[in-house]
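Presented below is the structure to which this report refers.
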Amino acid sequence: MNKKVIVLFAIICACLLLANSVSAKEDVKIKIDADDKYALDGGYIEIKLLNSNGKKISTKGTIHYTVTDSDGHYKWKYQPYKGPIRLRYASGSYDVEVKFDGDSRYNSAEKTQSVSLKGHPSSSPSFNPYTYYDNHNWGLNQKVDDYIEDNYWDEEIYDDASTYDGEGY
């Protein structure tokens, strides 16, 4: 009888150890990046889930994210995670809050991070004297006004560029 109790106790302990090792879930890291190298105005916010080794994971767990701009406007969404999420936004600063609910294989995780999107440097508007006054810049910058007067003698173009015929007055 004593041997039966010991064997039964050993079987129960082995089952408990196996159950604990099977139910151990892997930790998840959330990575939030800004990709604005190739976008002309703004860029992309990328949300990725990585395992403890830094490799992408494949899961059907639900991910929640909120992107808030500097004015307090926000976009909130939740969806099954099928892969990296790319969100297109204009230039500016954003607060990104991400929460992963987890699943049978991965633990839940959450992260909050500020992201700044600037866009590609060539996208910044360059000075164009032919459209300077058309953009309602009359008398706002004396240095620019003097530059235009000294270097662009034909002012008729600034009156109405659509009817400009190329002749001075």
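Note that the structure is a prediction, hence the values are computed from the model and not measured.
- Annotation for Ala34 and Ser116: closest pair CB-O, 4.0 Å, computed over non-hydrogen atoms.
- Considering only heavy atoms from C-beta on, Ser114 comes within 4.5 Å of Asp95 through its side chain.
- Lys31 NZ: 12 or fewer foreign heavy atoms inside a 6.0 Å radius.
- Taken from OH in Tyr106 to NZ in Lys25, the straight-line distance is 12.0 Å, to the nearest 0.5 Å.
- Checked options Ile30, Thr112, Thr66; the residue passing with Val98 is Ile30 (criterion: side-chain contact (heavy atoms from CB on, under 4.5 Å)).
- A continuous path of hydrophobic side-chain contacts links Tyr78 to Tyr74 [ILVMFWY only; heavy atoms under 4.5 Å].
- Contact annotation: the side chain of Tyr65 never approaches that of Glu97 to less than 4.5 Å [non-hydrogen atoms, C-beta and beyond].
- Contact check for Ser108 versus Lys99: no side-chain heavy atoms found under the 4.5 Å cut-off.
- With rounding to the nearest 0.5 Å, the separation of CZ in Arg86 from NZ in Lys48 is 9.0 Å.
- Looking at heavy atoms from C-beta onward, Glu46 lies out of side-chain contact with Pro84 at the 4.5 angstrom threshold.
- Put simply, NE2 on His64 and NZ on Lys77 are 13.0 Å apart, with the number rounded to the nearest 0.5 Å.
- Using a 4.5 Å heavy-atom cutoff, the side chains of Ile63 and Asp101 are not in contact.
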Next item on the list: Just do the side-chain contact (heavy atoms from CB on, under 4.5 Å) check on Thr68 and Tyr94 with the steps written out, would you?
Entry: CA-CA 5 Å; Thr68 308; Tyr94 298 93; over 6 Å; no
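- Ring orientation note: the planes of Tyr81 and Phe100 are nearly perpendicular, at an angle over 60° on the 30°/60° scale.
- With hydrogens and angles left out, the side-chain atoms of Thr59 and Asp103 include a donor and acceptor closer than 3.5 Å.
- No side-chain heavy atom of Lys111 sits under 4.5 Å from any side-chain heavy atom of Val96.
- Under a 4.0 Å N-O distance rule, the pair Asp27/Lys29 does not qualify as a salt bridge.
- Here the side chains of Leu50 and Lys56 are in contact, with some heavy-atom distance below 4.5 Å.
- Looking only at side-chain heavy atoms (C-beta outward), Val28 and Asn51 stay at 4.5 Å or farther from each other.
- Looking only at distances, a side-chain donor or acceptor of Gln113 sits under 3.5 Å from a matching main-chain atom of Ile32.
- With respect to Lys75 and Asp69, no salt bridge is recorded, no charged nitrogen being found less than 4.0 Å from a carboxylate O.
- Taking the centre of each ring, Tyr44 and Tyr89 stay at or above the 6.0 Å mark.
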